[in-house]
Amino acid sequence: MVYFRAMDYLNLLNPQQRQAVTAAPGQTLVLAGPGSGKTRVLTQRIAYLIQSMGVRPYNILAVTFTNKAAREMGERLDQLLGGARARGLWLGTFHAMCARILRTEANNPGLLPFQSNFVIFDADDQQNLVKRALRENNIDDKINKPSAIHARISEAKNNLVSPDDLPVRSYRDEIVVKAFKRYNELLQQNNAVDFDDLLLWVVRLFEEHPEITEKYARRFEYVLVDEFQDTNMVQYSLLKLISSYHHNIFVVGDEDQSIYRWRGADYRNMLRFEQDNPGCEKILLEQNYRSTQTVLDAARSVIDQNANRTPKSLFSDRGRGEKISLHEAVDDHAEAAYVVDTIQGLLRKGALGGDFAVMYRTNAQSRLLEEAFLRAGLAYRLVGAQRFYGRREVKDMIAFLRLVHNPDDEISLQRIIAVPPRSIGEKTVNALQFAAQKAGHSMGAMLLELAEKADESPVWKELGRGAGPIFDFAVLFSGWLKAKGELDLPALFDRIVTETDYKPYIDDGTDEGKDRWDNVEELRRLAFEYQNKGLVDFLENLALVSDQDTLPEQVNSPTLLTLHAAKGLEFPQVFIVGLDDGILPHSRSRDDPEEMAEERRLFYVGITRAKDHLYLVRAGLRSTYGNPEYQVASQFLDDIPEDLLVRSGGEVVGGPARLKSWDDTGEDDYSYGRRSSSHYSNSRSNDVSRSNSSSNDVSRSSVSRSSGSRSSNGWGKTSYDWSQPRTVHAASGRSTPPPPAPEPEQKFHDGQRVRHPSWGEGLVLSSRILDGEETLDVAFESVGIKRLIASLAKLEAIGN
DNA sequence: TTGGTCCATCTTTTT
DNA sequence: GATGGACCAA
C-alpha cells in the first residue's frame, strides 16, 4: 500500500489551506467559511503532524461535536495514513471524551461524587429528575415547568455556576436554586450525571487537581477543535486546561454558523481565543468548493445583515449556476406537495434521490412532508434520534439494562418496576421508596436484599400486600444482576425480554403492536453489535447519540432534517421550507436581537448546504397545533436580491403578504380561517380518509454496521448507521420513479370560488391529485375548511 | 391496581 | 394532533 506523502497532498491545497495545515506549533485560529474545506484542513493537519512533524498519534487530541464528524475524520485519516498510523489518537466528541476521562478518574475513591459505572441521564430523565426535585420541595410543577427550570440549571452548569453562586433576585430564582440543589443530590443518589455534568466535572477535577490536569495536558501535545464557534464556557475552559502544558491548540470555526446559543454556545469564544492568545496565527478560508456563486451571493446577502462579525467574501469558481427557486404555496399541504412533486419530476429526469434534502426549522414540520412522501410512494430518510429512542418500548428496554448496569438508578427502576403490569402500584412503590430512604439505601439495593432474605427481610412487612409482587420482581432483578457477569449483552437482553414476558405486553397483534416489537428487535440488533464491547459502552453510546449520527449513509433517498441537523452536510439540491414569519425566524426569537441574529445564521447554514440548486418554500396558510393561520413571509426573504430568484406560486389566498403589494381587500372573505378552528378537526363527513397510513407504512429503523473501521481505541468509531426510519418501498434504493399515475383532469384550480349544495359558497384553497382523484381543500364560510373529492362532491364552479 | 377515556397543553433547535 | 396527566370504573 502506498499512501500520500506529505508533500503530495499539500500540493492539492489552496494557499490558505496549506498555511493552516502547516501552521507552526502554537495557537492557530482558522476562520472557515462554509464549504471551504474545513474538515479537509483538520484531517490533513493531523496527517501533517504525524508524517512531517513526527508527532506520535498518541499525543494528539481532536475534538468534535458529533460522533458523525468524528467518524468522518477518522475515515479520512485512515485513507491518508492507513489505519495503523493513526493508532492511539484521541478523536471524539467533547462529551465522549469527558465520559472517558470520568470513568477512568472515578476509580480513585473520593475524587468524584459518583462511581465509575455512572449512567448518563438523557433529556427525559433529566426533566423527570427536576420534576421530582420540585415536588419534594412542594413546588408546583404546573406553574414552574420542569423544562424551564432545567434550562436554568443547565445554563448555570454551562457557565460553571454552582447553585450557591446563583443570584437570587426573585421568588423564581429561589425556586431554581432549591430545585438545582436537590437535582444535583438526586443525580448523585442515582449514581448518574447529566450532559452538562460530563463537561463540568472534568473541569472541576482539573481545576482542583493540577496533577491530573498535568497528566492529560502533558500527553496532548497537540489539540485540535472542530466547530469552535459552538463551544460554551465549560468547553472553552476545558480546552484551555487540556492544552495548558504544550499550548499547541488549533481551532477551526465560523462565527456565522454558530447556531447553539441556547445551549450555551458563544461564538465570541472565537474572539476570546484571539485575545487570550495574542500570538495566535489567524487564517481565513474564503474559497468555497461547494456551491454556485448564486447560492453564495444569496447566503451573503442574508448574513451581511448581521452585525459584529468578520466580513467575509466567499467566492466560488463553479460559475453562477441556476437561479434560486422561491415558491409560495397556498397552504402547508400544498407546500409539502410542491416539494414532493418537484423532486419526483427531477427524479424522472434522472436525478438521484440522495441529491435532495428538505430542511425545516422545527421537527413538527416533518409530518406533512412525510405524509406527502408516503402518498407519492417515494422513499425518504429522516434524521432524528428521538424517533427511535423516544419510543416507549425502546426506553423501557434501555431502562432495564441501565438498572442492571447501575442498580442505584431509580429513574430507570421507577420506569420499569411495573412494566409490564405486575400488580405493583403507586402505593407499593412508595412503600418501597420509603423503606429504602429509612434504611439509607437505594430502592435497587432494597430489592436485592429482599430477593435474598424474602420474608425474613425487614422490608417485607413494610410492603404489606405489595410484598409478594415486589418480591417476585426482586428475584428477577437479582437474577439479571448475576447474569450480567455470565451472559453477553444480547443474551442478557433476551433473558430480560423473556422473563418479563415483554413481547405480548407491547405486541398486541395490531400493526402498531408489531411496529413496537420491531423496535425492540431493532434495539436487540444494536445490542448484538456490542456483544464484545459490553453493556457500559452500549449504554454510553445510546446516551450520546446525536441526531446527525442517525443519518443513514448508504441510502439513496431524499433526506428530511432540521436546519440544525443540516450543519456540516451538503446536498446538490436543497429545499428550505417554512419561510414564514414565526417559523423562520421562530416566534420565540422575535424579541431578542441576539436570537434573531441566530435565526439568520440558521437560515445561512441552510442556504450554504446547497451545491447546485436552492429552493425556498413558504405557505400562505399554515396549521400550527391544529388551527390554520395566515402566514406572513419571512423577513429574511427580503434580503435576497430579486435577480437571484425565480418565483412561482403565490397567486391566492391571504396574499403573498410581503412579497408583492397586494391591494386586495378580500381578507374579509376568508376571515373564518382565523377563528373557527373547531371546524377543522370535527365533522369528517366528506373527509378523504387517510387510508394507506398504516398499511404500507413500514416504520422501522434498521441498523447496520458501517464500514469495517479499524478502531484506534474505540473513540468515536462506535457508531451506527440508521437506515430509513420510515420508508415505503424500502427496496427502491435506486429510487426508480414510480410509473406516472394517469393524471385525471383537474376541474378546479386554487383560488376558485365554488358552491356546495349544503355548505354554500367557498374558496378552493388547493386542488391536487391524490390517489388518482382530484382532491380539494375548500374553505367554506359556513363550516370552515373541508377536504373533498371533486368527482363525489356536487361542487359547482362560480365564475372562473 | 389497572386500563380506559377525556382533557389540556403544547413546539424551537440537541450533546 | 400527539402526548401526558387526571380521573373513573372494574
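Per chain, numbering begins at 1; letters A, B, ... match sequence-line order.
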**OP:** Tell me what A:Arg392 touches on the nucleic acid: a base, only sugar-phosphate, or nothing, going by heavy atoms under 4.0 Å.
**Re:** nothing
(request) Please step through ring pair (Phe, Tyr, Trp, His ring centres under 6.0 Å) for the pair A:Phe180 and A:Tyr183, ending with a clear verdict. (result) CA-CA 5 Å; A:Phe180 194 169; A:Tyr183 172 80; 7.2 Å; no
- [ ] For the residue pair A:Phe636 and A:Phe603, categorise the inter-ring angle as parallel (less than 30°), tilted (30 to 60°) or perpendicular (more than 60°).
- [x] parallel
- [ ] Could you tell me whether A:Ser587 contacts a base, only the sugar-phosphate backbone, or nothing, with contacts defined as non-hydrogen atoms closer than 4.0 Å?
- [x] nothing
Here the distance between atom C1' of B:dT14 and atom NZ of A:Lys567, to the nearest Å, is 11 Å
Result for 5'-nearest mapping on DNA chain B, choosing between A:Glu598 and A:Ser423, is A:Ser423
Taken to the nearest whole Å, OH/A:Tyr360 to P/B:dT12 is 16 Å
Whole-Å distance, A:His333 NE2 to C:dG1 P, equals 7 Å
Q: Report yes or no: do A:Gln127 and A:Ser147 form a side-chain donor-acceptor pair below 3.5 Å?
A: no
Of C:dA2, B:dT1, B:dT11, the nucleotide closest to the side chain of A:Thr428 is B:dT1
Quick one: is A:Asn363 getting a side-chain N or O under 4.0 Å of the B:dT12 phosphate, OP1 or OP2? no
When rounded to whole Å, the NE2 to C1' distance for the pair A:His564 and B:dT15 reads 12 Å
Sorted by position of nearest nucleotide on DNA chain B, 5' first, the leading residue of A:Arg361 and A:Pro421 is A:Pro421
Per atom distances to the A:Lys142 side chain, the nearest of C:dA2, C:dG5, B:dT12 is C:dG5
Winner on side-chain proximity to A:Arg588, out of B:dT11, B:dT15, B:dT13, is B:dT11
**Prompt:** Is it true that the side chains of A:Asn269 and A:Thr231 contain a donor and an acceptor less than 3.5 Å apart?
**Reply:** yes
Given B:dT14, is OP1 or OP2 found less than 4.0 Å from the side-chain N or O atoms of A:Thr562? yes
Taken to the nearest whole Å, CZ/A:Arg261 to C1'/B:dT13 is 13 Å
Between CD1 of A:Ile576 and P of B:dT13 the distance, given in whole Å, is 16 Å
Students often get this wrong, so: under 4.0 angstrom with heavy atoms, is A:Leu563 touching a base, only sugar-phosphate, or nothing? nothing
From CE of A:Met233 across to P of B:dT15 the rounded distance in Å is 23 Å
All heavy atoms of A:Pro420 vs all of A:Thr500, minimum pair found to be CG-O, 3.2 Å
Phosphate-side-chain proximity, A:Asn232 and B:dT15, N/O vs OP1/OP2 below 4.0 Å: no
Which of B:dT15, C:dA2, B:dT13 is nearest the side chain of A:His95? It is B:dT15
Ranking B:dG3, B:dC10, B:dT14 by distance to the side chain of A:Lys145, first place goes to B:dC10
A:Lys514 with A:Asp507: basic N within carboxylate O range, under 4.0 Å | no
From CE of A:Met359 across to P of B:dT14 the rounded distance in Å is 13 Å
Picking from C:dG1, B:dT12, B:dT11, the nucleotide nearest the side-chain atoms of A:Glu599 would be B:dT12
Against the side chain of A:Ala565, the closest entry in B:dT14, C:dA2, B:dT11 is B:dT14
TODO: Indicate, with a heavy-atom threshold strictly under 4.0 Å, whether A:Glu595 touches base, sugar-phosphate, or nothing.
DONE: base
- Is there aromatic stacking of A:Tyr260 against B:dT14, centre distance under 5.5 Å, plane angle under 30°? no
